[in-house]
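Counting starts at 1 for both ligands and their atoms, in listed order. For this chain, numbers begin at 1 and follow the sequence in order.
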Amino acid sequence: MADRRPPSTITLTPGKRVLFLTKDLDLIKQQLYDGLELQMKDLTVDDLLDDINTDVMTPAWVCFDHDPAEIAKNAYAGLMHNGLRVFRENALKDGQFEVIVSGQRKGTGSSRETAAQCERWAGINIVIAASFAPIHERNNINLGQLMGNHAMLERLQAGESIALSEFTAKYDPVTQLIVEHGGLFPFAKALKAGELDLAPLNTPSRPMTMAERIISRNLVGQPEGQCVKPGDPVIAEVQGGYSHEFTTAQVHTFLAEVYGEAYTLPNPDKFAVFEDHLLYAHHNPKFVPFMDKVQTLRDLQVAFQQHTGVRDYSAIDGVSPGICHQVAREEFIEVGDFIQATDSHTCMGGASNALTWGVGATEYANLVSAGFTFVKVPESIRFELVGSLNPGCTAKDVILAILADHARKELTLNRSMEFGGPGLASLSVDERATLCNMATECSGRTGICEADEALLEWMIKAQPHLSLAEQRARSVKPDEGAHYDGGVHIIDLSSIVPMVAHPGDPDQGVPSDPTNGANISDIGEVAINIAYGGSCTAGKEDDIAYYAQVCQAAKDAGLKVKAGVDFYIQYGSGQVKALAQRMGWHDLFLEVGVKLIDPGCGACIGAGPGVSITPEQVTVSAINRNFQGRSGPGKLYLASPLTVAASAFTGTISSWQDDLFA
Ligand code: SF4
């Protein structure tokens, strides 16, 4: 990665061009292929494309490449016109553009960093839009891209020079330094070399939430005991993290480019690589043409692990040790840790009273080598759980209710979702992990649960080498009087009923979405073709116990999985599978007609047995998201493990009750 520190005044480079992403796609083609030059003064923001999502910029198949230069060749491959790509291969790069211009909300959709990379590696230095999706904006900042508005572009096109400070004025002081240094890597290098003095925080002593407490005790360059508040820009140490085969190759490549082929990591013991996402990718015919690239991703992950000595969770004989988030909490996340990993469901670790969230490859590569990362302290929202769940209800029903209510109202947006209160004690640690896992679907920053004796017991059982006293001492709880920007919300567990998130009606503009909550008692008879129990959300020990509870009742009633229904159970980790075998559940599942799958991600990302094949098929699934097409073209209802298992035997979406099969 060449030094891309921007000059103190910004001008357009003679010979370089500006690309306007216009709503009129023919105008884009004329700029790309016929040399058409446009001027901002002749256009309005309304003429420009809004809501360009990251899938359009780099569709999933483009992400099988790890080298940003290769990714750049297929920049905007998802922008189609009359069934054809608007941007042919290399079109952005060959056009000699240095500025790209669009309308509102640039970079919506998934958090993939490849979207920002495809522009940068095609030669774009300045990205102009009326507004940016927050994660896409952060990815651009980490890559050192300048972001400005249309008025600034008009001035640049008129030949004016604009001070760099005008581009960075909207940022906090740390983000300003990152952009001034040309991105996160050069910033971190300068910080490590002692070339930067971070301004002291002026946040006075104050009561803090759990997320604030953990960030505060990991501050770098601030006095001991310094408090933080939402919005504070800080540098914080991380205790550990992990990446998987979709992301590790970029981490390895970036580190070699920035620190040289012989780069080393200071603390590899608490970092890990996982082979879990693409193990069954060949089951998806759409992915088959890319299997050589998938193999390259696997090979580079092995190279990274061997080079750095991070913990190795590679597949053995084609079997994964498990889904990264499940294995990480079983094996190395400790109470009170600050953990970051390259996947959006990293927040599942919050069940262990740890602060955990997902980051892009650049941010991860930086933190795994530096040991610290940039954090903008998030706001918090608190869920005070009271009462206990009725039979037939699980934590999945609780989070589906929160999705339908608080998340739909955007109360959870970008906030740390804090779970506590007397009702939390009635939920097992695995159930708490379901709540934290789906903070992602709530568009939250993370989820974190209070610690109690049940958690400490679970920790010592999972990781016997840990000291109980030490784990207790590391635990955090919110201070009396801590402030919650999202408010404090009482959730009476006894009021929760079995729920689904329905697939909406995308053709009528109602997208399939995890916030589409509905009580099962209200949805009528919904016949199913597939029942799927698995994923990081629902492949834990307690989830498997739920499936076993229903399967045992079915067996006692002489039932097998309903004819015409495929019921899949995929274990979340090797440990979960071993438990199922010890308890006799593995054999029970086979006896009643369940199709068992070894640990891994699989159908959850459309890459394994259990995906739908036709748009007419209906699936009830215990996974965490039902975005259209993610797990096949069919209609997907999200539900609890109990509901999934019960439905597999009745053939229609059914909540569980003890006498269901009587
Ligand atoms: S199981 Fe699904 S949601 Fe979980 S990490 Fe794997 S792909 Fe992501």
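In this structure, F246 has its ring center under 6.0 Å from that of F64. Under the 6.0 Å cut-off for aromatic ring centres, H325 and Y242 qualify, their centroids lying closer than that. The six-membered or imidazole ring of W585 lies away from that of Y571, with a centre-to-centre distance of 6.0 Å or more.
At the top of the distance list for atom 7 (S) of ligand 1, counting protein heavy atoms only, stands I605 CG2, 3.3 Å. Among all protein heavy atoms, the one lying closest to atom 1 (S) of ligand 1 is C536 N, 3.3 Å. Nearest protein heavy-atom neighbour of atom 2 (Fe) of ligand 1: C604 SG, 2.3 Å. Counting protein heavy atoms only, atom 8 (Fe) of ligand 1 is closest to H277 NE2, 3.8 Å. Nearest non-hydrogen protein atom to atom 6 (Fe) of ligand 1 is C601 SG, 2.4 Å.
Looking at N624 against ligand 1, only its side chain comes within 4.0 Å, counting heavy atoms.
Between R625 and D513 there is no salt bridge, since none of the side-chain N atoms of the basic residue sits less than 4.0 Å from a carboxylate O of the acidic one. A salt bridge links E379 and R415; the closest N-O separation between the charged side-chain nitrogens and carboxylate oxygens is under 4.0 Å.
Heavy-atom neighbours of I316 CD1 from other residues, nucleotides or ligands within 6.0 Å: at or below the threshold of 12.
In the vicinity of H325, heavy-atom distances shorter than 4.0 Å reach the ligand 1 atoms 5 (S).
With 2.8 Å as the limit, H345 does not count as an N, O or S neighbour of atom 4 (Fe) of ligand 1.
Taking the six-membered ring where the residue is Trp, Y364 and F271 present perpendicular rings, their angle passing 60° and hence far from 30°.
Residue R630 places a heavy atom under 4.0 Å from ligand 1.
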